[in-house]
Number of protein chains: 2
Amino acid sequence: MIDREGPIPPYQQIAAALRKRIEAGEIPPGRRIPSLVEMEQEFGVARDTLRKAVQVLKDERLVETVSGMGIYVVQHSEDGGVPGAS
Amino acid sequence: MIDREGPIPPYQQIAAALRKRIEAGEIPPGRRIPSLVEMEQEFGVARDTLRKAVQVLKDERLVETVSGMGIYVVQHSEDGGVPGAS
DNA sequence: AGAAATTTGTTCGTATGTATA
DNA sequence: CTATACATACGAACAAATTTC
């Protein structure tokens, strides 16, 4: 899944993989992405690496986190915004 | 904040700056010093550089690490030692 | 009321590879 | 060749928020 030989750092590869899933509609808006524990196993990387990957998607406003709950795909519809964001 | 032209390496400059704050009472005994992430931004250096700077202060018994919490200024009173150090 | 489980967030310590002086 | 610095990554521990029982 992760190419450790190439020049692209794993955290960027993971960010790209998640972005692809989201834009392909595999993980629709409003749904949660896999938990950090699940992604640790799926990608075979450490928490710190996932943290950076998720931070990239956060900066792109693709996902948002709810502490204690999970990381959710943002609803980027015409009216904009996310459920709960007043 | 950091002079990269001069002969004094950044990690020594940072150690000196932290020592000054501690001895001036800006960061009193028992209190935490800024986290590594915060200091990365404040000083504009990498984690590795901070690691060396903090190691200097540790060798001087000025600070100690509490796992998962942070780096704390040592209480250097007459009876010596740190709270929690049995 | 409260304890346990799950999940995210933050913390330090360390290792590796690369680059520079 | 050594010292210094950076980016990346891994590991472990602790905290806070949320849900479930």
Side-chain angles (χ1 to χ4, degrees), chain A residues 1-18 22 27 30-74 82-85, chain B residues 1-19 21-22 27 30-74 82-85:
Chain A
M1 207 71 187
I2 301 297
D3 175 22
R4 286 196 153 78
E5 313 304 316
I8 302 173
Y11 84 92
Q12 288 185 15
Q13 295 182 42
I14 293 171
L18 289 174
I22 291 170
I27 312 176
R31 259 250 288 286
R32 216 198 70 190
I33 73 173
S35 74
L36 296 184
V37 176
E38 287 170 332
M39 288 194 289
E40 278 179 15
Q41 300 172 348
E42 174 183 350
F43 293 110
V45 298
R47 201 185 194 72
D48 183 63
T49 305
L50 292 172
R51 180 174 165 269
K52 279 187 205 142
V54 169
Q55 186 59 51
V56 171
L57 302 183
K58 274 191 205 167
D59 291 343
E60 295 172 358
R61 305 275 187 178
L62 260 172
V63 299
E64 286 185 359
T65 68
V66 182
S67 186
M69 290 287 293
I71 304 170
Y72 292 82
V73 177
V74 167
V82 187
Chain B
M1 206 73 187
I2 300 298
D3 176 22
R4 283 194 153 80
E5 314 303 316
I8 303 173
Y11 84 91
Q12 288 184 17
Q13 295 181 41
I14 293 171
L18 290 174
R19 190 186 305 112
R21 285 191 210 172
I22 291 170
I27 313 176
R31 258 249 287 286
R32 216 199 69 186
I33 72 173
S35 74
L36 296 184
V37 175
E38 288 170 331
M39 288 193 289
E40 276 179 16
Q41 299 172 349
E42 175 183 349
F43 293 111
V45 298
R47 199 185 193 72
D48 188 62
T49 305
L50 293 171
R51 177 176 159 259
K52 282 187 207 144
V54 169
Q55 187 58 50
V56 171
L57 302 183
K58 275 192 202 166
D59 291 343
E60 296 171 358
R61 304 280 184 177
L62 260 172
V63 299
E64 284 185 1
T65 293
V66 179
S67 180
M69 292 290 293
I71 304 170
Y72 290 81
V73 177
V74 167
V82 187

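The sequence lines fix the lettering, A, B, ..., with proteins before strands; numbering per chain opens at 1. Scope of the values below: all heavy atoms of this structure, side chains included, with no hydrogens, waters or symmetry mates.
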**Request:** Would you kindly compare A:Val66 and B:Gln12 by the position of their nearest DNA chain D nucleotide and give the one closer to the 5′ end?
**Result:** B:Gln12
**Message:** Quick one, A:Val74 with A:Arg61, criterion side chain to side chain contact (heavy atoms under 4.5 Å, CB included). Give me CA distance, side-chain angles, the key distance, then yes/no.
**Reply:** CA-CA 7 Å; A:Val74 167; A:Arg61 305 275 187 178; 5.6 Å; no
**Complete:** Output row for DNA chain C, stems defined as at least 3 consecutive Watson-Crick or G-U pairs under 3.5 Å, is C:2-21 with D:2-21
**Request:** Determine the sole option in A:Arg4, A:Lys52, A:Glu40 for which the side chain to side chain contact (heavy atoms under 4.5 Å, CB included) test with A:Val45 is passed.
**Result:** A:Arg4
**Request:** Starting at atom CG of B:Asp48, determine the distance to atom P of D:dT8, rounded to an integer number of angstrom.
**Result:** 14 Å
**Request:** Check the distance between C:dT8's C1' and A:Ile33's CD1 and give it to me in whole angstrom.
**Result:** 11 Å
**Asked** To the nearest angstrom, how far is A:Gln13 atom CD from D:dT8 atom P?
**Response** 13 Å
**Message:** Using a 4.0 Å heavy-atom cut-off, does B:Val45 contact any base of the nucleic acid, only the sugar-phosphate backbone, or nothing at all?
**Reply:** sugar-phosphate
**Prompt:** Heavy atoms, side chains only, cut-off 4.5 Å: are A:Asp3 and A:Ile8 in contact?
**Reply:** no
**Request:** Give the rounded distance in Å between these two atoms: CE of A:Met69 and C1' of C:dT8.
**Result:** 11 Å
**Item:** Over 12 foreign heavy atoms within 6.0 Å of CZ, A:Arg51
**Value:** no
**Message:** Could you go through A:Tyr72 and A:Val63, starting from their C-alpha distance and side-chain angles, then the distance that decides it, and tell me whether this counts as side chain to side chain contact (heavy atoms under 4.5 Å, CB included)?
**Reply:** CA-CA 5 Å; A:Tyr72 292 82; A:Val63 299; over 6 Å; no
**Request:** Would you kindly give the CD-to-C1' distance between A:Glu64 and C:dG9, to the nearest whole Å?
**Result:** 16 Å
**Asked** Between D:dC6, D:dT8, D:dA17, which one does the side chain of A:Pro9 approach most closely?
**Response** D:dT8
**Item:** Full working for salt bridge (Lys or Arg N to Asp or Glu O under 4.0 Å) between B:Glu64 and B:Arg32
**Value:** CA-CA 9 Å; B:Glu64 284 185 1; B:Arg32 216 199 69 186; over 6 Å; no
**Request:** Taking only the side-chain nitrogens and oxygens of B:Thr49, find out if one of them lies under 4.0 Å from OP1 or OP2 of D:dT4.
**Result:** no
**Request:** Write down the distance between CZ (B:Arg47) and P (D:dT8), rounded to a whole number of angstrom.
**Result:** 13 Å
**Asked** Does B:Arg4 place a side-chain N or O at less than 4.0 Å from the phosphate oxygens OP1/OP2 of D:dC6?
**Response** yes
**Request:** For the residue pair A:Pro34 and A:Ile71, establish whether any side-chain heavy-atom pair is separated by less than 4.5 Å.
**Result:** no
**Prompt:** Which sits closer to the 5' end of DNA chain D, A:Gly68 or A:Ile8, going by the nucleotide each is nearest to?
**Reply:** A:Ile8
**Asked** In whole angstrom, what separates B:Tyr11's OH from D:dC6's P?
**Response** 13 Å
**Asked** Heavy atoms, side chains only, cut-off 4.5 Å: are A:Leu18 and A:Met39 in contact?
**Response** yes
**Prompt:** Quick one: is C:dT11 close enough that its OP1 or OP2 comes under 4.0 Å of any side-chain N or O from B:Thr65?
**Reply:** no
**Complete:** A:Leu57 and A:Ala15 have their tightest heavy-atom pair at CD2-O, 3.7 Å
**Message:** From CZ of A:Arg32 over to P of D:dT18, roughly how many Å is that when rounded to an integer?
**Reply:** 15 Å
**Prompt:** Taking C-beta and beyond as the side chain, do B:Val56 and B:Tyr11 meet within less than 4.5 Å on heavy atoms?
**Reply:** yes
**Prompt:** Does B:Lys52 have a side-chain nitrogen or oxygen under 4.0 Å from the phosphate oxygens OP1 or OP2 of C:dT14?
**Reply:** no
**Message:** Any residue in residues 35-42 of chain A with a heavy atom nearer than 4.0 angstrom to DNA chain C? Just list them by number, or reply none.
**Reply:** A:Ser35, A:Leu36
